[in-house]
Undergrad: 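Below is a structure I'd like to ask you about.
All chains are named by letter (A, B, ...) in the order of the sequence lines, taking the proteins before the strands, and each is independently numbered beginning at 1. What you see below is based on every heavy atom in this structure, not just the backbone, and it leaves out hydrogens, waters and symmetry mates.
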2 protein chains.
Amino acid sequence: MNERADRFPVERSEVRAMLTRFGIQPTQQRIDIAHLLFQRPQHVSAEQVLEGVNAAYGHVSKATVYNTLNLFVRYGLINEVLIEPDRTLYDSNTSDHHHVYNMDTGELSDIPAGRLAIQGDLGLPEGTEIEGMEVLVRVRSGHDPAANR
Amino acid sequence: MNERADRFPVERSEVRAMLTRFGIQPTQQRIDIAHLLFQRPQHVSAEQVLEGVNAAYGHVSKATVYNTLNLFVRYGLINEVLIEPDRTLYDSNTSDHHHVYNMDTGELSDIPAGRLAIQGDLGLPEGTEIEGMEVLVRVRSGHDPAANR
DNA sequence: ATGCAACTTAGACTCAGTCTAGACCATTTT
DNA sequence: AAAATGGTCTAGACTGAGTCTAAGTTGCAT
């Protein structure tokens, strides 16, 4: 599979080439969205992308934002992250890594996969192959035991 | 924190005592829902609970199902599992374990935590404490490289 | 019995995400 | 040059999981 070099930020001029290299037709909207996503490794919701693009570039519709994000996911440019039950986050960092989620602040941060060693017998059924392995560490800020959430 | 003994099935007569032990008022609806959940370790959606209870016991409303499931999660009787972006699953197995998700079949199965060893430096910020650690292994059935999903 | 708080419910509501049908745009065909 | 082709974009309608509301019911305490 085609792999994006995880280097940030990806300059506007490079974005077009990157999309083309992935076999994605580089339209204005896709370039705008990709440029926003690849400014830095980040976790953003579709709504944030919509607002961000509309603030920094021209107008893009909600439908296009969703279409494009799903397209990028399918082509492996970004990853879906499911942590909050009510919205999907998109992760512009596709290097192998895990997540730490602070349940008090809602903050989500990365752990490079190399920092963790996972060993053991998964006991996978015959004929199944591993597609990916994600670790989610849930943490609390501590100093507030009366967690009201 | 109060811990449920992970033994299945939990007989109907035991369910009432279990709820009381957790400080949850054992109403008819909560007993029905709990009885359904603790027949065996399983991953069910709210809709499945609604259908299941209405099929096997008396009528329960959608609001009560959601209220009760969220209550059970808050009190640690069950866990939320976020894997599919469009619905929340509830896991009646609260013993420490991880998940294997077959992306082709949608099947979700468990790995006892004892089978996996995770080591490494999480590099957590000062003052944060670990609440939980989940591993999700995504697998494919294999024999169909032309994955159309 | 009576009062009161907790619980349940039908149905309205919200909101993330999808769908639709037409507009737009670039390239190719005639 | 005009028309056809095929892919993309968009406004707005739509869907469906989950929440909220306001009224009714239950059940415990006195």
Undergrad: When the side chains of residues 110-122 of chain A are checked against the rest of the protein, which donor-acceptor pairs come out under 3.5 Å, sequence neighbours left out?
TA:
unit_1	atom_1	unit_2	atom_2	d
A/Asp110	OD1	A/His43	NE2	3.0
A/Asp110	OD1	A/His99	NE2	3.4
A/Asp110	OD2	A/Asn93	ND2	3.1
A/Arg115	NH1	B/Asp121	O	3.1
A/Asp121	OD1	A/Gly123	N	2.9

Undergrad: Can we say B/Arg7 and B/Glu14 salt-bridge, meaning some charged N sits less than 4.0 Å from an Asp/Glu carboxylate O?
TA: yes
Undergrad: For salt bridge (Lys or Arg N to Asp or Glu O under 4.0 Å), just list the numbers for A/Arg138 and B/Glu134, CA-CA rounded to whole Å, side-chain angles, deciding distance to a tenth of an Å, and then say yes or no.
TA: CA-CA 8 Å; A/Arg138 292 181 190 277; B/Glu134 310 156 26; 2.7 Å; yes
Undergrad: When the ring planes of B/His35 and B/Tyr57 are compared, do they come out parallel, tilted or perpendicular, using 30° and 60° as the limits?
TA: perpendicular
Undergrad: Indicate yes or no: does B/Arg140 engage A/Glu131 in a salt bridge with an N to O separation below 4.0 Å.
TA: yes
Undergrad: Determine the minimum heavy-atom distance between B/Ser92 and B/Pro41, stating which atoms define it.
TA: OG-CA, 3.4 Å
Undergrad: So where does chain A start and stop touching DNA chain D, 5' to 3', when the test is distance under 4.0 Å to a non-hydrogen atom?
TA: D/dG7 to D/dA11
Undergrad: Indicate for each nucleotide in nucleotides 2-18 of chain C, in 5' to 3' sequence, whether protein heavy atoms under 4.0 Å reach the base (B), only the sugar-phosphate (S), or nothing (-).
TA: ----SSSBB-----SBB
Undergrad: Would you verify whether the NZ or CZ of A/Arg4 falls within 45 degrees of the ring axis of A/Phe8 while also being under 6.0 Å from that six-membered ring's centre?
TA: yes
